Structure formats: C-alpha cells, structure tokens
Asks: 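So that we are looking at the same thing, I have put the structure below in structure tokens.
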Amino acid sequence: MKSFIAFWNILVKDMKNYYLKPPNISWGIIFPFAWMLMMFIKSGTVFDIASVFPGIVAMSILFGTTSMLSVTITFERKARSFERLLLAPISLEMLVLSKIIGAILFGIFNSIVPIFISIFFFGAGVMNWPVLAAGIILLSVVSTLSGLFIAVTAKEVFEAQTYSNFYRFPMIFLCGLFVPVSQLPVFVQPLSYMVPVTYGVDVLRYSISESNTLSILLSLPVLLGFCVLLFYTSIFNIKRKWIV
Amino acid sequence: MNKIIEAVNLSKNYGSFSAVNDISFYVKQGEIFGLLGPNGAGKTTTINMLIGMAKTSDGKIIYKGGDVTGNIKKAQRLIGVVADESNLYDEMTGYDNLCFCGSLYGLPAKVRAKRATELLDIFQLSEAAQKKFKAYSRGMKRKLTIAAALIHQPEILFMDEPTTGIDVASVRQIRNLIKKLNADGTTIFLTTHYIEEAERLCDRVAFISKGGIINIDTVAGLVEAARDANVVEVLFEAERVNKKNLEERLKNKFPHVECLLKDGNTVKILSQEQIDIAPIVGSLADEGMTILEARLIKPSLEDAFVKMTGIEIDMMKKEKEKR
C-alpha cells in the first residue's frame, strides 16, 4: 500500500508538472493535425487515409513520448530532485513504472487525435479495434521505454533532445512509414527488423486496413519482448550509472 | 550505547582511484556526528554509500545492528537526507512539495497534510506555504529542504553542508533547529566545512582527508589531543611599565613556565603543567602593571583540525566557496 501511494503520487506529480501543461497538450493536438493537413494538401483533395493513418498515429506516439520522458528525467536529474525518488523506500522497478506511466498515457492521448480526425473528418474505418488498442498501447510503452533508455545515457537536457532526434528520425525511415520495408535496400532491411516501431506500425496497419506485412501473432509478441528488454536494460543501466 | 549506524572497513574505488579507503566509524543513537574534511576528502562519497546513492567497493554498512550493505532500501525509511543543494520541485508550492515528499514514504493523504502544516509552522514558512518553491529565497529553500527530509519523521537525518550559501539569520535559525531536532531524539549525521558549526553542534567529529579517517572523538577530546601546552595570556596597559627583562624576571619567579612578551602589551605564558593564573597576575601587578585581562587560551577545533590533517581552514573555505 505504501509503495502504491508513492507510485500514484509520482504519476500525478508528473502529469500535473509536465504532461498536462498547455504547451504539451497543444503539441499533442497540433503535431498529428499538421501531418494530416500536409498529406491532405499534398494529395489535392482526397488522399488514401488508410495508407497514412497508421504512420501518423505511430509518429504522434513516437515523437510525443521519447523526448518527453528523456527530457523530464534528465531535467529532474540535473536539478537533483530525482535523487529524492531514488532515496524513497520503493523498489527501482516501481519507481520506473511510476515515471513511465505518465509518458505512456501522453503517447496514447497523442494517438487519439489522429484517430479522431481520420474517423470523423475523413470517414476512415478501423477493421479491428482491440488490435488497434493493443498496438497503440504497446507502441506507447516501447517508445516511452526508448525515451527512458535515452534518459539514462544523457547528462544534460540538450543531450536528451539530441539523442531523441538521433533515435527517432532514422526510425521513421527504417520502420516502413514512407517506404515499405520490403522496398528498402536489402542491407537496410535487417536494421528495420531490429527497431520496435516497425512491428508497431505493422500492427496498426493490420488493425486499420489489414495491409500488414508481418503476422500480428509475430509483431505483438515481438513488441512485448522489446518492452520487457528495454525495461530491464534501463533498470540495469540506472543501477550501473546512477547508483555508482 | 546504541550504535545506530556502523561503517566497517568501508571503501569506494572509481577505477584505480580510491575515493574512500577502509574507513570505520559508528554513530550513536541520539548524537550529532560531524564529518569534517576538505573537498575531495571523501565526505560526500561516504554519505552517498550510507544513504544508498553509491555502491560500496568493500566493507559493511550496518543500521541498528542489521547489515544492509548492498540493499540500503531496507533502511531508507529510517533516514532523511538533506542534500547539499535545495533539490525540491520549482513548479510546486512549499506545501505541495512537502506533501509529495511524504507520499514517497507512503504517508496517507491526511497524515502528510497534517505533518506538512506542522513542519511549515516549525520552520516559520507557513506564510509562504502556497508560494511556488522557485519564488523562495535561498534561506527559505534550505529550510523547506530540511523540512522535506523530516516529513516521515526519520530516526536519522543526513545533512550535507546544511548552511552553505545562506544568510546569517537563516544559518542561526537552521543551527537552532538542528539542536532542537537532536534534543527531540533525531540522530544527525552532518558534514560541514564551517568548523565552528561542527564545534557548536556536534557531539563527536571525524576528521577525514584523502579518503581516510584521521581521528574521531568528541570535540573536547580532539581539542585536548591537539593541545601542545597550557597557555595563559595576560593583557596589560602598556604605558609606564618596565618591560626590560620582563620575561627573565618572570622566569625566575615561576621556573616551570615559559614567558613571552607579545605586541608590547601581552604576556604569553606557556607550560606543560597546569598554570595557576593568580600568582602570575599578582606578580605582574606588583611590577606596577595595570592588568586588563587574563585568560586561559584553549586550542580550538580548528587548531586540532589543522594540526591533525595539515590542511589550512582558510584554503578549505575558499575552495568550497569557489565551488
């Protein structure tokens, strides 16, 4: 019960201090809206929403979560307020969970905007809602944990931002958002299958238009595996780097 | 005597560099224990190992008789930590900061609200309770940081340089609060580079230098160990006094003491034995001197520190303030 009180209050504190701040909420709305508008202008009047919908959802999640968590944690470490959390009598796993849940919820919120716009303004359909929900949640978790992975590496806030960009931009091209993985150069394709977003985008494709290239029976467990791997790698790195 | 903390042969290496080298000490329940040393002596590394922010390379850490080496989490409910910087959340109010810190220790909402209000009152911050932390002065920030460390009523309070960089009034207030907390039963582990602070507050002090403990004792014990000789200084009115051969005349009368005339108006009397001031003062008065003051000079903790570590205090303060 005592651990849960700590967990809940860390989460509420992060939501109030970071995620529910007007600039972040507006980012969550403007970012996917701008992408959809860009696609709309590019295609003249009508564009194939089903083909870009998964990509925009994935990017909204990826961009929202990775930098937010890495920046907020690096900021707290710099201000040394993060030490308070490390000194609290709760397990490191519980502490990490309380820090990432806020970012995961923020990622899910970011994905709702393009879904809402696609369905209500462009009449897009969703083939499989449960799989869409699973895909969004797992993609939010894996992107957030990537942000945590970056936070453990960065010492300064600007480093966290730089590393986030180094991580995200190549991923956009590797994960098959713009060019399907099968059409990428052969030597790049193995890299694509090493990034979790590839599987996340494929799950979203399945849920929206069933235009996936991998089986969701493969993609969902692989995404889950990436979550577990990133979680425990981050815990290991925190113990190694922050409790020296 | 109850040992609340024990460090046994504690070492910390960073690669080939030894930050703390095989130190052992204990802290008694209910005392104020001070760790004094210059920058890089190993004070913060020692504290970090004790609170779980650094791993030990070797040795044991024992809290209340239980070995917690490698798992300080077990003891973290017992301890409160005041870092050398005021590390609360800028965007939160003083009251919210305290409540949040209480929640980290699992205090229920009503309990932490009551405790936060009490602490704001004790630390005279009630009027600023709803102000954001970033709007606090440095002294107020320091006080709130100490209050935050006390929210869960810890048995042991670690304080790393608690009065560095704040105004004189806040320093006095914080020192009084430390005394009061200790009187109420909190064991305090303190590091400071203000040697007079250690002298005023601490029951026992450890001198640390280059990763090793040089000496541990009570303030009186350390001072006594540093005493080379008993010293009495007699200040007199300099006019109308025959100072010629004064030292020799006194030596003849008091063969067991050594007398030195200093600044033309002070006689410094040194002896390995106890000095009886009255006959000396009487003799000087007989010489026609008007005695203004006679006092026994005791070495200070600073003298003891300088003698035992070979480190000049002024250098230590300048280094710290530069940082």
Side-chain angles (χ1 to χ4, degrees), chain A residues 1-25 68 71-99 101-102 152 155 157 235-244, chain B residues 12-15 19 45 47-57 68 70-93 96-112 132-134 145 148-149 151-152 154 158 160:
Chain A
M1 184 60 190
K2 284 183 175 177
S3 288
F4 179 75
I5 291 174
F7 166 86
W8 178 251
N9 281 278
I10 294 169
L11 172 60
V12 170
K13 187 265 297 170
D14 281 358
M15 293 302 284
K16 277 188 194 167
N17 282 7
Y18 308 123
Y19 302 110
L20 294 178
K21 292 282 180 194
N24 293 326
I25 295 175
M68 275 302 284
V71 167
T72 56
I73 289 185
T74 312
F75 176 75
E76 286 190 359
R77 285 204 65 226
K78 191 80 187 145
R80 294 185 60 186
S81 49
F82 199 82
E83 275 178 27
R84 296 200 163 272
L85 310 182
L86 289 172
L87 288 169
I90 54 168
S91 69
L92 197 53
E93 287 80 1
M94 188 64 121
L95 168 59
V96 168
L97 274 176
S98 65
K99 292 300 286 181
I101 297 281
V152 184
K155 284 188 179 136
V157 172
I235 297 274
F236 174 78
N237 282 342
I238 289 171
K239 283 182 182 166
R240 196 170 57 90
K241 291 191 171 183
W242 294 352
I243 307 168
V244 286
Chain B
K12 178 69 188 175
N13 306 319
Y14 295 102
T45 307
I47 278 202
N48 281 346
M49 284 192 282
L50 294 175
I51 63 175
M53 288 299 293
K55 292 174 198 135
T56 56
S57 299
V68 294
N71 189 11
I72 303 282
K73 282 276 167 212
K74 279 193 219 165
Q76 275 176 338
R77 216 169 278 282
L78 288 177
I79 65 177
V81 180
V82 181
D84 56 350
E85 282 175 37
S86 299
N87 58 347
L88 287 163
Y89 296 90
D90 275 346
E91 292 300 323
M92 287 161 74
T93 65
D96 286 345
N97 261 301
L98 292 185
C99 287
F100 174 69
C101 291
S103 75
L104 295 177
Y105 292 85
L107 301 184
K110 275 185 187 168
V111 177
R112 55 181 190 258
K132 283 190 176 175
F133 185 64
K134 66 181 175 189
T145 305
I151 191 84
H152 61 294
F158 285 92
D160 198 1

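Computed from a prediction, not measured in an experiment: that's the story for all the values here. Throughout, protein chains are lettered first and strands after them, A, B, ... in sequence-line order, and every chain is numbered starting at 1.
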Asks: Over all heavy atoms of both residues, which pair between B:Asn87 and A:Arg80 is shortest? Give the atoms and the distance, please.
Replies: ND2-O, 3.0 Å
Asks: Kindly give the heavy-atom pair with the smallest separation between A:Pro89 and B:Leu104, and that separation in Å.
Replies: CD-O, 3.6 Å
Asks: Return the CG to CE distance between A:Leu86 and B:Met53, rounded to the nearest 0.5 Å.
Replies: 5.0 Å
Asks: Taking all heavy atoms of B:Leu88 and all of A:Ser81, pick out the closest pair and write down the distance.
Replies: O-CB, 4.4 Å
Asks: Quick one, B:Lys73 and A:Leu92 - any side-chain contact, counting heavy atoms below 4.5 Å?
Replies: no
Asks: Where does B:Met49 contact chain A at under 4.5 Å (heavy atoms): side chain, backbone, both or neither?
Replies: neither
Asks: Measure distances from B:Cys101 to the heavy atoms of chain A and classify the residue's part below 4.5 Å as side chain, backbone, both or neither.
Replies: side chain
Asks: Taking A:Val12, A:Leu87, A:Asn17, A:Ile10 one by one, which has the highest count of heavy-atom pairs under 4.5 Å against chain B?
Replies: A:Leu87
Asks: What are the two closest heavy atoms between B:Lys55 and A:Lys239, and how far apart are they?
Replies: NZ-O, 2.7 Å
Asks: Is there a side-chain contact between B:Asp96 and A:Lys16 (heavy atoms, below 4.5 Å)?
Replies: no
Asks: Taking all heavy atoms of B:Ala148 and all of A:Arg84, pick out the closest pair and write down the distance.
Replies: CB-NH1, 3.9 Å
Asks: Sort B:Thr56 into side chain, backbone, both or neither according to what part of it lies under 4.5 angstrom from a heavy atom of chain A.
Replies: neither
Asks: Rounded to the nearest 0.5 Å, how far does CD1 of A:Ile90 lie from CD of B:Gln76?
Replies: 9.5 Å
Asks: Let's test your reading of the structure: which of B:Ile51, B:Asp90, B:Ile79, B:Asn48 forms the most heavy-atom pairs below 4.5 Å with chain A?
Replies: B:Ile51
Asks: Select one option (side chain, backbone, both, neither) describing which atoms of B:Leu107 are under 4.5 Å from chain A's heavy atoms.
Replies: backbone
Asks: For a quick test of reading the model, state the closest non-hydrogen atom pair linking B:Phe100 to A:Leu85 and the distance between them.
Replies: CZ-CD2, 3.9 Å
Asks: What option among A:Ser98, A:Ala88, A:Ser91 has the most heavy-atom pairs under 4.5 Å with chain B?
Replies: A:Ala88
Asks: If you count heavy atoms of other groups shown closer than 6.0 angstrom to OH of B:Tyr14, is the number above 12?
Replies: yes
Asks: Calculate, to the nearest 0.5 Å, the distance between atoms NZ and OH belonging to A:Lys2 and B:Tyr105 respectively.
Replies: 12.5 Å
Asks: Working to the nearest 0.5 angstrom, can you tell me the gap between B:Tyr89 OH and A:Asp14 CG?
Replies: 7.5 Å
Asks: Looking at B:His152, B:Met92, B:Arg77, which makes the most heavy-atom pairs under 4.5 Å with chain A?
Replies: B:Arg77
Asks: Under 4.5 Å from any heavy atom of chain B, what part of A:Trp242 do you find: side chain, backbone, both or neither?
Replies: backbone
Asks: Is it the case that more than 12 heavy atoms not belonging to A:Lys155 sit under 6.0 Å from its NZ atom?
Replies: no
Asks: For the interface with chain A, which of B:Gly106, B:Ala109, B:Cys99, B:Ala83 has the highest count of heavy-atom pairs at distances below 4.5 Å?
Replies: B:Gly106
Asks: Would you mind checking which part of A:Leu95 comes under 4.5 Å of any heavy atom in chain B, side chain (CB onward), backbone (N, CA, C, O), both or neither?
Replies: neither
Asks: Where on B:Lys74 is there a heavy atom nearer than 4.5 Å to chain A: the side chain, the backbone, both, or neither?
Replies: neither
